[in-house]
Amino acid sequence: MLHFIKRAALCALMLLACNRQAMAQFPASAYSFSSAAGTFTPLSGGTALTFSSLDDGTVQNVPIGFTFEFCGVPYTEVSVCTNGWISFGNVSTTSTSNSTSSAIYPAVMPLWDDISGQSGVVSHLTSGTPGSQVFTVEWLNWTWYYKNTTPIPIVISFQVKLYEATGRIEYVYRQEADPINGSPSATIGIMKSSTDYQTLNNSTATPTASSTTFTTNINIKPATGQLYRWDPPPPCPGILPIAVSNYNSTAVDFNWGTATGAVGYEWAVD
């Protein structure tokens with residue numbers, strides 16, 4: 001009988017040690033960052049947003065077209081600002097002050113600064129088939145830094161892409177003809193709260209993403225076709241190896257390691 005109990009205990013060691021990112025919240029610092037060279041393709045057939053002002057304006061309740069998870073929290077709508085950010089919260093602020101004290105979070109910031117679009121347009125488009133859709137917001141022919149002159153300088157265009165299947169957040173840029181104006185001081189990154197974020201230290205082809213330094217001094221255009229990407233933690237790795245010790249008819253000790261990217265574990269007995 002004891003032999004049977006031991007065999008049953010060994011069978012019970014098929015425990016699930018699971019990354020819970022699909023079922024629980026996780027920090028912005030858990031995203032992995034990468035950069036690459038790609039192509040900026042202007043939207044075709046997108047829906048233009050109407051702002052109270054293309055200098056400082058925010059449109060709320062913009063539909064994503066599918067459920068997108070940011071830091072493990074599901075969202076179906078966003079708020080879009082002319083100043084180069086998207087908030088997953090239903091916010092009406094038009095904040096030009098790119099600092100942790102500006103409550104636009106949770107948010108993604110492809111180019112957060114005092115920028116404007118007097119000669120441009122912001123549009124959005126959901127493309128693809130259900131399960132593999134992509135939500136794109138585009139700031140086309142934008143001015144950076146704000147300058148009230150005629151003609152309005154056209155400095156940069158950029159897009160945010162949210163991927164349904166993978167949870168990826170992607171930024172892509174295109175340089176326009178005119179130079180940057182004034183004293184730009186932009187932030188590029190993602191932000192869950194005032195203390196949980198990732199921002200890039202520069203706008204080169206190989207920047208570093210930091211979760212401890214909130215960068216607010218980017219003043220160089222990203223290259224045309226430059227891609228910046230944030231990917232959520234990997235899905236559940238499944239079953240981890242588990243060691244057994246001190247087992248008898250009344251007790252057993254379970255010992256397991258850790259899984260890369262895991263933010264929580266659970267176990268179950270079969």
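Nothing fancy with the numbering, it's 1 onward along the sequence.
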Exercise. With sequence neighbours excluded, what pairs up with Asp56 under the side chain to side chain donor-acceptor pair (under 3.5 Å) test?
Worked result: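 Asp56 satisfies side chain to side chain donor-acceptor pair (under 3.5 Å) with Asn83 only.
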
For this session: Could you list the residues that satisfy side chain to side chain donor-acceptor pair (under 3.5 Å) with Thr58, not counting sequence neighbours?
Result: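 Here no residue qualifies.
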
Would you call [X] and [Y] a side-chain contact if the rule is heavy atoms closer than 4.5 Å?
| X | Y | result |
| --- | --- | --- |
| Val108 | Val78 | no |
| Gln198 | Tyr31 | yes |
| Ile190 | Ile169 | yes |
| Glu138 | His124 | no |
| Val160 | Phe135 | no |
| Gln60 | Ser79 | yes |

Exercise. Distance only, no hydrogens: is a donor on one side chain within 3.5 Å (strictly under) of an acceptor on the other, for Ser157 and Glu176?
Worked result: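 On atom types as modelled, these side chains qualify, holding a pair under 3.5 Å.
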
Exercise. Under 3.5 Å, is there a donor-acceptor pair linking the side chains of Asp113 and Trp144?
Worked result: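 A pair is found: one side chain offers a donor N or O, the other an acceptor, under 3.5 Å apart.
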
For this session: Among residues two or more places apart or on two chains, list those pairs meeting ring pair (Phe, Tyr, Trp, His ring centres under 6.0 Å) that have a residue in residues 173-197.
Result: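 Passing the test, one end in residues 173-197: Tyr173-Tyr228, Tyr197-Phe214.
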
Exercise. How far does CD1 of Ile115 sit from CG of Asp55, to the nearest 0.5 angstrom?
Worked result: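 Ile115 CD1 to Asp55 CG: 10.5 Å, rounded to 0.5 Å.
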
Problem set entry | Pairwise distance CE(Met109) to CG(Leu111) - rounded to 0.5 angstrom |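 Answer for the CE-CG pair, Met109 versus Leu111, is 11.0 Å.
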
Problem set entry | Heavy-atom closest contact (Met191 atom, Ser194 atom, distance) |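 Minimum heavy-atom separation between Met191 and Ser194: CE-CA, 4.1 Å.
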
Problem set entry | Worked verdict on Asn98 versus Thr187 for side-chain hydrogen bond (donor to acceptor under 3.5 Å, both in side chains) | CA-CA 6 Å; Asn98 49 320; Thr187 295; 2.8 Å; yes

If the condition is side chain to side chain contact (heavy atoms under 4.5 Å, CB included), which residues does [X] pass it with, not counting sequence neighbours?
| X | answer |
| --- | --- |
| Thr67 | Pro74, Thr76 |
| Val134 | Ser127, Thr136, Lys161, Tyr163 |
| Asp178 | Pro153, Ile154, Val155 |
| Thr224 | Arg174, Gln175 |

[X] and [Y]: same hydrophobic cluster, using ILVMFWY side-chain contacts below 4.5 Å?
| X | Y | result |
| --- | --- | --- |
| Ile86 | Ile188 | yes |
| Tyr171 | Ile218 | yes |
| Val137 | Leu162 | yes |
| Trp85 | Phe158 | no |

Is a side-chain N or O of [X] found less than 3.5 angstrom from the main chain of [Y], in a donor-acceptor match?
| X | Y | result |
| --- | --- | --- |
| Asp196 | Ser29 | yes |
| Lys221 | Pro179 | no |
| Glu164 | Ser132 | yes |
| Ser116 | Leu54 | no |

For this session: Show the numbers, then the answer: is there a side-chain contact (heavy atoms from CB on, under 4.5 Å) between Leu49 and Val80?
Result: CA-CA 9 Å; Leu49 295 177; Val80 179; 3.8 Å; yes

Write out all pairs satisfying side-chain hydrogen bond (donor to acceptor under 3.5 Å, both in side chains) with one or both partners inside [range], taking only residues at least two apart or from two chains.
| range | answer |
| --- | --- |
| residues 203-218 | Asn202-Thr204, Ser210-Thr212 |
| residues 38-47 | none |
| residues 102-112 | Ser95-Ser102 |

Problem set entry | Connected hydrophobic set around Phe40, excluding itself, where side chains approach under 4.5 Å |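 Direct or chained contacts put Phe40 with Val121, Leu140, Val172, Leu227.
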
Problem set entry | Leu125: hydrophobic cluster co-members (side-chain, 4.5 Å) |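 Same cluster as Leu125: Leu43.
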
Exercise. Is the ring centre of Phe70 less than 6.0 Å from the ring centre of Phe88?
Worked result: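 Yes, the ring of Phe70 comes within the 6.0 Å limit of the ring of Phe88, centre to centre.
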
